[in-house]
> 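Attaching a single structure in structure tokens format; questions to follow.
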Amino acid sequence: MEKMSRVTTALSSNTISGRTMFCHLDAPANAISVCRDATQVVVAGRNIFKIYGLEEEQFVEKLNLRVGRKPSLNFSCADVMWHQMEENLLATAATNGAVVTWNLGKPSRNKQDQLFTEHKRTVNKVCFHPTEVYMLLSGSQDGFMKCFDLRKKESVSTFSGQSESVRDVQFSMKDYFTFAASFENGNVQLWDIRRPDRYERMFTAHTGPVFCCDWHPDDRGWLATGGRDKMVKVWDMTTNRAKEIYCVQTIASVARVKWRPERKFHLATCSMMVDHNIYVWDIRRPFIPFATFEEHKDVTTGIVWRHQHDPHFLLSGSKDSTLYQHMFKDATRPVDKANPEGLCFGLLGDLAFAAKESLISSDANRKPYPGGDRRYPIFFFKKPDPTEQFAHVSSALSVFETDLDSNRMDWFVKTAQLYLLSGKPFAELCDHNAKVAQELKRPQVSTTWTMLRIMFSDPANLTTPGPNHNLSKLGTLPLMNSFSMKEMGSGMGTESRLERSKGDSRQDNIHLEPGNSHISNNNEENEETEGSDGQAEYMFGDAELDDDDLYSVEHDNQTEEQEYALPQEAFQLRHEIMDNPSAPEHLQQDKADSPHVSGNEAEVTCLTPIESFSLISISQPLYSPHLPASFFCPIVREMLSYYAEQGDVQMAVSVLIVLGDRIRKEIDDLTQEHWYMSYIDLLQRFELWNVSNEVIKLSTCSAITCLNQTSTTLHINCSNCKRPMSNKGWICDRCHQCASVCAVCHHVVKGLFVWCQGCSHGGHLEHMMNWLKSSAHCPAGCGHLCEYT
Amino acid sequence: MEVQDQESLGRWDGLGSRDVSSRTEAMENICQDVMRKVEAIGPMPALAPSPPASGSPPNSDLNDILAHLLMLSKRCPFEDVKEQCIRLLQAVQDLGVRIPRPLGNGPSRFIPEKEILQVSKVDARTQSIFEDAFAALGRLDNISLVMGFHPQYLESFLRTQHYLLQMDGPLSLHYRHYIGIMAAARHQCSYLVNLHVNDFLQVGGDPKWLNGLDEAPQKLQQLGELNKILAHRPWLLTKEHIERLLKAEEHSWSLAELIHAVVLLTHYHSLASFTFGCGITPEIHCNGGHTFRPPSLSQYCMCDIANGNGHANHHDDLLGNQDMCGEVEVLMERMKQLQECRDDEEASQEEMATRFEREKTESMLVVTAEDEECVPSRDISRHFEDPSYGYKDFSRRGEHVPTFRVQDYSWEDHGFSLVNRLYPDVGQMLDEKFQMAYNLTYNTMATHKDVDTSMLRRAIWNYIHCMFGIRYDDYDYGEINQLLDRSFKIYIKTMVCSPEKTTKRMYESFWRQFQHSEKVHVNLLLMEARMQAELLYALRAITRYMT
């Protein structure tokens with residue numbers, strides 16, 4: 001024991017050295033503090049009160065101040081401070097409201113010196129005067145700050161914070177008489193130690209408690225505060241009104257803040273909840289921490305720079321019962337990991353790109369993007385600052401505009417606006433949408449709609465003499481019975497795949513063309529002669545009659561072989577198509593043949609290639625009224641996924657809505673939700689609010705429909721007294737005036753009400769529109785320059 | 001069914017408007033509607049007075065409307081609607097249709113109706129809050145009416161509740177109501193359960209779930225355990241419980257959802273305490289709030305009798321008052337003494353610690369009601385499992401509530417941040433509500449004015465936390481013994497730990513000279529302290545899970 005008491009006077013070498021190291025404590029720490037010569041650190045917590053020596057390679061326990069058989073609550077420390085002038089003097093704040101001072105020079109085992117029990121509630125903070133030996137300040141939950149003269153038995157003055165709990169008190173480094181106190185209600189007060197009756201100055205620094213504050217060690221006027229609102233603010237106190245000069249947003253409430261020695265713009269913070277890291281910020285770059293220490297496994301409760309003139313050593317204590325010495329050179333630098341290049345797409349396909357200037361200028365002579373026709377390089381330079389540790393960086397921002405015609409999204413907007421998704425019988429919707437797609441030169445989409453109509457229309461409603469006729473012609477051969485369902489499925493998969501890929505394949509796969517165009521054009525023909533559905537189908541059926549006969553004979557003879565042959569063929573075709581470069585079909589549309597031309601072509605070729613026969617002949621039974629609509633679901637599902645994957649989520653969602661219950665069960669909810677979300681997102685980016693709302697309304701996913709039930713609250717001010725309206729109706733609580741009076745005609749507005757967010761005045765939409773056309777000022781005469789956009 | 005719901009929903013909407021003419025219009029529509037329905041069933045009820053309790057199907061719809069009208073005629077904050085409802089009911093009665101009458105007297109069994117209803121007439125602020133609440137919900141529930149004694153608090157309470165149930169949040173609307181039902185059912189609070197069963201169905205909840213927790217989705221079933229522990233022994237909550245909820249594959253909860261659920265659970269547990277503590281009676285338009293039976297000899301409803309709430313009590317009360325004349329003065333004297341003599345005898349730290357322990361164990365020994373196991377009423381118990389699990393006196397069995405140091409995990413520093421992080425804005429609202437409840441004072445005690453009641457309020461708050469094992473290092477638990485007498489402690493203990501056992505006798509036997517509004521104030525304190533205690537345990541477990 002005697003050895004231990006002696007250590008306090010030993011050691012006074014000024015050179016600090018060491019490495020990142022830690023030691024286990026027996027209990028969670030609440031606060032730590034270092035002695036002036038940076039050789040020892042005191043750790044205090046509910047169940048711990050120890051002094052550790054800081055040696056080259058390790059922490060060495062020097063002294064346990066927690067003595068006695070049954071340690072009292074006076075040892076349960078919320079805060080601890082080592083005097084910066086007198087190396088034997090320590091003060092602690094106890095959770096039971098006691099302020100205790102400790103004299104390490106005492107010969108006895110118990111070093112407790114003085115005990116002040118004047119506070120009624122937990123003492124949150126104690127602070128020694130930086131230059132005065134005997135002056136100690138405390139701040140407590142009971143709302144009082146007390147100044148003690150250690151030569152006396154009781155406090156010399158008491159400062160009242162008006163019953164708000166005090167969270168931190170800090171003597172100013174430079175002004176002898178000034179101290180700052182931060183409060184649970186978000187205020188910060190400045191006091192003159194000589195005037196206990198009234199604070200010198202008060203301002204609201206944060207919303208919610210201000211947990212900590214710290215004066216800048218060099219700059220007289222700067223005070224950093226940290227609060228529960230996850231912000232660190234730096235205030236300039238030299239002016240009349242405290243001015244916020246810097247603000248750093250952190251990700252959790254700020255428990256401690258400490259300026260970094262010798263670095264004017266750096267400060268360290270740690271959090272009270274959730275986040276265990278210690279951050280060192282450069283306050284001028286508030287978005288990314290300058291350095292991070294990630295060693296602790298639980299909340300960091302105390303941080304302190306080891307020496308007041310050495311910026312390279314940081315000590316920290318934590319709830320995870322460890323005490324760390326962090327070397328600054330071992331810190332992680334989040335900046336290094338951050339992506340130095342930024343890339344963003346604009347709505348209309350423009351592309352912005354920001355990167356280090358050196359990166360861009362090196363190949364500046366090369367045109368970075370062949371499609372781009374213009375380029376705006378914008379350079380940002382930072383003034384070089386000798387004290388700064390950042391590399392001198394300048395970055396360039398380039399904006400690439402896309403060719404106006406190549407990537408237009410007009411079709412998307414038009415389609416969204418013109419499509420009908422509900423309100424008419426199914427067949428009409430399909431026809432309408434097919435026509436819309438046709439007009440926008442998207443024959444593939446158009447065909448898909450037509451196909452859908454044919455597939456899912458109720459056979460009873462549809463006058464389809466064609467197929468019936470056909471079947472009767474086929475006589476006693478019941479096609480359906482001889483096919484297994486599986487076989488049919490695969491066959492049809494082929495066909496629809498063929499169809500979908502028609503747009504692509506037309507360019508490159510000439511050998512496929514006949515079959516493709518044959519099918520599609522048959523459908524188009526159907527459409528063109530749309531006078532009566534029945535007739536169209538009749539024609540279709542008739543044309544196929546021969547093939548059918550042919551096929552059915554074949555089928556009769558060699559069922560087995562047929563089963564194999566068909567899928568094989570199907571897959572081959574598909575593979576070839578898949579290999580095609582999948583350019584967006586609307587781009588190619590310009591070059592593509594007009595439907596009419598290809599229609600003719602089809603007529604020419606329709607009888608030739610044998611492959612197409614089998615395909616089409618299978619398609620024959622599609623029109624049989626005996627097929628249940630659900631039969632097509634697998635194909636449609638595949639088709640929808642195909643569109644979605646192609647990026648045409650619009651088609652997927654539109655079909656989904658139009659088909660409704662017919663297809664909904666086939667597709668899992670998550671996928672549906674995903675499609676809906678994507679489509680709605682797109683619509684909203686194009687400001688197609690009405691359409692997006694319609695989609696939300698028509699969707700059957702619960703996750704989507706609830707979208708337009710969220711955020712339906714509008715916060716408004718009373719136009720009369722400018723206070724927020726809390727009532728449900730249109731009568732203001734405070735001034736009992738109707739707030740919805742039109743500023744132009746002075747009548748109560750019923751219906752559309754438009755108001756200025758700046759001055760809260762408003763009125764009938766039309767009146768306001770007209771008024772603001774002719775005048776820039778608010779019609780209410782408040783002088784506000786309203787804007788109508 | 002759907003159509004009917006839609007129709008009946010729309011029917012009452014207009015009445016909440018602040019605009020007189022639109023209220024009148026809505027009222028006229030209702031009049032016509034009712035008259036049509038009355039004519040439709042014709043003179044049947046007059047000819048054959050079928051037992052109305054069974055409610056023949058065509059009749060029940062009308063009966064619901066009549067019950068609603070009755071509620072409006074009594075509770076609507078708008079005088080014009082009130083009058084018209086009365087007139088309409090009269091007219092219907094004149095046509096020979098049996099109309100309902102309210103059961104019980106006013107919103108609370110403990111507090112005279114007159115006193116409660118008077119409040120809104122005097123205080124413009126209360127009136128305006130009532131109107132808001134009515135506009136938002138189409139009803140003014142009894143809880144709000146009773147809280148109307150304390151408009152500042154009521155405002156904050158309603159705002160929070162509205163946000164929790166209606167506004168943006170991670171849980172869907174019917175989930176929220178169902179969780180409310182689960183929580184209230186834990187304390188067999190049929191009042192809250194009925195209220196939320198209606199709401200639950202209105203927002204499109206699946207009626208099947210109401211058959212019991214077994215029928216609800218797996219996800220909600222898993223919440224049952226948390227509900228049970230939180231309600232009765234929150235200190236047993238560990239991070240393993242949280243982990244089980246968050247890591248349950250497809251039925252797992254997200255952290256944000258869990259926080260929302262936890263806030264809802266604690267809200268409704270403590271609200272159940274308030275409901276029983278103030279003896280809130282069933283809503284007039286809900287089951288058990290009205291009857292079509294003509295008044296009979298026995299004026300009291302079953303529950304009154306079950307709780308030993310006869311007529312005789314009132315006489316007791318009067319006598320008691322005379323006996324206990326000096327109670328308030330004694331209490332004030334003690335507060336004064338404590339304030340002055342604080343520093344005289346500084347108790348040693350060990351002494352303080354033992355005082356806390358003593359208070360904690362003693363609180364365990366405070367006998368609640370008679371020990372008879374009261375059987376949960378028919379349809380409430382199915383919303384939770386394991387009905388036998390309740391608050392038990394641990395010390396008797398040698399078990400021990402571990403001590404939770406508030407300095408290590410407090411609402412202000414830790415709980416708030418966690419809640420606000422995962423469920424934005426709610427932390428702020430709860431914070432305001434807690435502060436409002438804790439700091440609310442009119443500086444009066446019974447008939448005395450200008451009294452600093454902070455000491456008393458703190459004693460109550462800390463006593464409740466003490467029952468949950470939460471300790472404030474800076475509080476001398478000896479004060480509690482000085483300030484809270486035995487009957488008050490019994491009341492607190494019953495209300496917090498097994499609220500369903502609260503009786504009128506208990507309510508009347510503490511603080512006899514105090515006014516009802518002050519007793520409601522105490523109830524608010526109890527409710528918020530309990531909520532915070534539960535929240536602290538739940539949030540600590542979540543924090544531990546996260547670290």
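In what follows, chains carry the letters A, B, and so on, assigned in the order in which the sequence lines appear, proteins first and then strands, with residues in each chain numbered from 1. What you are looking at is a predicted structure, and each value in this text was computed from that prediction instead of being measured.
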> Can you check whether B:Leu246 reaches B:Leu258 side chain to side chain, under 4.5 Å on heavy atoms?
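Counting from C-beta outward, B:Leu246 and B:Leu258 do come under 4.5 Å.
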> Indicate whether the side chain of A:Thr158 and that of A:Lys146 have a donor and an acceptor atom separated by less than 3.5 Å.
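Side chains of A:Thr158 and A:Lys146: pair found under 3.5 Å.
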> Does any heavy atom of chain B fall under 4.5 Å from the side chain of A:Ala98, the backbone, both, or neither of them?
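Neither part.
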> Going by the angle between their ring planes, with limits at 30° and 60°, are B:Tyr472 and B:His465 parallel, tilted or perpendicular?
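Answer is parallel, since the angle falls under 30°.
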> Is any side-chain N of the basic residue among B:Arg23 and B:Asp80 closer than 4.0 Å to the acidic one's carboxylate O?
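Salt bridge between B:Arg23 and B:Asp80, a charged N being under 4.0 Å from a carboxylate O: yes.
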> Have B:Thr543 and B:His414 got a donor and an acceptor in their side chains that come within less than 3.5 Å?
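Judged by distance alone, the side chains do not pair up.
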> Non-hydrogen atoms of chain A under 4.5 Å away: do they reach the side chain of B:Glu131, the backbone, both or neither?
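Neither; nothing under 4.5 Å.
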> Of the backbone (N, CA, C, O) and the side chain (C-beta and beyond), which part of A:Glu184 lies under 4.5 Å from a heavy atom of chain B, both, or neither?
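Interface part for A:Glu184: side chain.
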> So what's closer than 4.5 Å to chain B heavy atoms on A:Met273: side chain, backbone, both or neither?
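The side chain, not the backbone.
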> Which atoms of B:Asn420 are under 4.5 Å from chain A, going by heavy atoms: the side chain, the backbone, both sets, or neither?
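Neither part.
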> So which part of A:Arg121 gets closer than 4.5 Å to some heavy atom of chain B, the side chain, the backbone, both or neither?
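Answer is both: backbone and side chain atoms of A:Arg121 are under 4.5 Å from chain B.
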> Report the option among A:Met272, A:Arg228, A:Arg167, A:Lys319 that has the most heavy-atom pairs separated by less than 4.5 Å from atoms of chain B.
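Heavy-atom pairs under 4.5 Å are most numerous for A:Arg228.
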> Under 4.5 Å heavy-atom distance to chain B, tell me which part of A:Ser76 shows up: side chain, backbone, both or neither.
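Just its side chain gets close to chain B.
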> Taking A:Cys213's backbone N and O only, do any of them form a donor-acceptor pair with A:Asp168's side chain (distance below 3.5 Å, no angle check)?
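Yes: the side chain of A:Asp168 pairs with the backbone of A:Cys213.
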